[in-house]
Amino acid sequence: MTDKFRSIRIAACVLATLIAAPALAGSAAESISADDPYVRMVPPGMTVSGAFMVLKNADSKDHKVVKADSPAAKATELHTHTNDGGVMKMRQVKDIEIKTKGEAVLKPGSLHVMLIGLKQELKEGDNVAITLTFEDGSSKKVEAPVRKIQTEMKMEMNHDHEGMKH
């Protein structure tokens, strides 16, 4: 009888440990870091901008950003760019996946957080608060400084002078 009672107690302890294990695991927000966040400075009068960063996942399972919010804009959405027959188009996505031990790079012309209906002019050096919400309901607040982005015009030039007649 004592051995049977002991076996039941051990089984109960094992079951309690298995049930509690997921609750003890870290949240997505604890596993994800946001490196080098920034918001693109836009000319006065423009009411949309993008936020960019590198999301790194230190966890042993994949995670997803499912929502973004910012008090700086009327609406905040997750977006990407697609090439549709040679025309680049921006579209909203339902989530941004961050693979196990990997990263998701949010950059111009790719995945990004779209700030729509800016409530005030964004000045270089200002910080924009962005809250990222993950698939498990956890969230992470990111402070993204506003940066003036210099665009460089790339000109393809053929420097091969072979065949030229001077």
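This is a predicted model, so every value here is computed, not measured. Heavy-atom basis, side chains included; hydrogens, waters and symmetry copies ignored. Residues: numbered from 1 along the sequence shown.
Judged purely by atom type and a 3.5 angstrom limit, K140 uses its side chain to pair as donor or acceptor with the backbone of I32. In terms of modelled atom types and a separation under 3.5 Å, the side chain of D59 and the main chain of S31 share no donor-acceptor contact. For the pair D136 (side chain) and S27 (backbone), a donor-acceptor distance under 3.5 Å is absent. T76 places no side-chain N or O within donor-acceptor distance of the main-chain N or O of L115, the cut-off being under 3.5 Å. Here the side chain of S49 pairs no donor or acceptor atom with the backbone of V42 at under 3.5 angstrom. Not one N or O on the side chain of E143 forms a donor-acceptor pair closer than 3.5 Å with the backbone of N127. Looking at K64, its side chain never comes within 3.5 Å of a backbone N or O of I96 through a donor-acceptor pair. A distance-only check finds no donor-acceptor pair linking the side chain of D95 to the backbone of V65 [under 3.5 Å].
Taking the salt bridge (charged side-chain N to carboxylate O under 4.0 Å, His left out) definition, one finds that K94 meets it with nothing, sequence neighbours left out. A search for side chain to side chain contact (heavy atoms under 4.5 Å, CB included) contacts involving D35 returns S33, V54, K56, not counting sequence neighbours. In this view, S139 and T131, T133 satisfy the side chain to side chain contact (heavy atoms under 4.5 Å, CB included) rule, not counting sequence neighbours.
Of the inter-residue distances, the one linking M41 atom CE with R147 atom CZ reads 13.0 Å to the nearest 0.5 angstrom. Note: Q92 CD to T80 OG1 = 12.0 Å, rounded to the nearest 0.5 Å. Note that CG of L111 and CE of M53 are 11.5 Å apart. Values are rounded to the nearest 0.5 Å. Of the inter-residue distances, the one linking F134 atom CZ with N57 atom CG reads 9.0 Å to the nearest 0.5 angstrom. Remark: R40 CZ to L122 CG distance equals 12.5 Å, nearest 0.5 Å. Note that CG of L132 is 8.0 Å distant from CG of L78, once rounded to the nearest 0.5 Å.
In this structure, K141 and A129 approach most closely via the heavy-atom pair CE-CB, 3.7 Å. A51 and V39 get closest at one heavy-atom pair: CB-CG2, 3.9 Å. Heavy atoms only, all atoms of each residue included: S138 and A29 are closest at OG-N, 3.0 Å.
Between M114 and V48 there is a side-chain heavy-atom pair separated by less than 4.5 Å. Side-chain contact between V105 and S110 is absent, with no heavy-atom pair separated by less than 4.5 Å. At a threshold of 4.5 Å between non-hydrogen side-chain atoms, the residues V146 and Y38 do not count as touching.
Grouped with M88 in a hydrophobic cluster is no other residue, since no side-chain heavy-atom contact under 4.5 Å to another Ile, Leu, Val, Met, Phe, Trp or Tyr is found.
Cluster membership check: F52 does not share its hydrophobic cluster with M90, using side-chain heavy-atom separations under 4.5 Å among Ile, Leu, Val, Met, Phe, Trp and Tyr. Hydrophobic clustering of Ile, Leu, Val, Met, Phe, Trp and Tyr side chains at less than 4.5 Å, counting indirect connections, keeps I130 apart from V66. Clustering ILVMFWY residues whenever any of their side-chain heavy atoms sit less than 4.5 angstrom apart, transitively, puts I149 in a cluster other than the one holding V128.
No salt bridge links K107 with D36; every basic N to acidic carboxylate O contact stays at or beyond 4.0 Å.
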ask   = Between I116 and K74, does a side-chain contact (heavy atoms from CB on, under 4.5 Å) hold up when you go through it step by step?
value = CA-CA 6 Å; I116 302 166; K74 293 177 184 169; over 6 Å; no
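Sequence neighbours left out, not one pair with a member in residues 53-74 passes ring pair (Phe, Tyr, Trp, His ring centres under 6.0 Å). Listed by first then second residue, pairs satisfying side chain to side chain donor-acceptor pair (under 3.5 Å) with a partner in residues 111-122 number zero, not counting sequence neighbours.
No side-chain N or O of T82 forms a donor-acceptor pair with one of D84 less than 3.5 Å apart.
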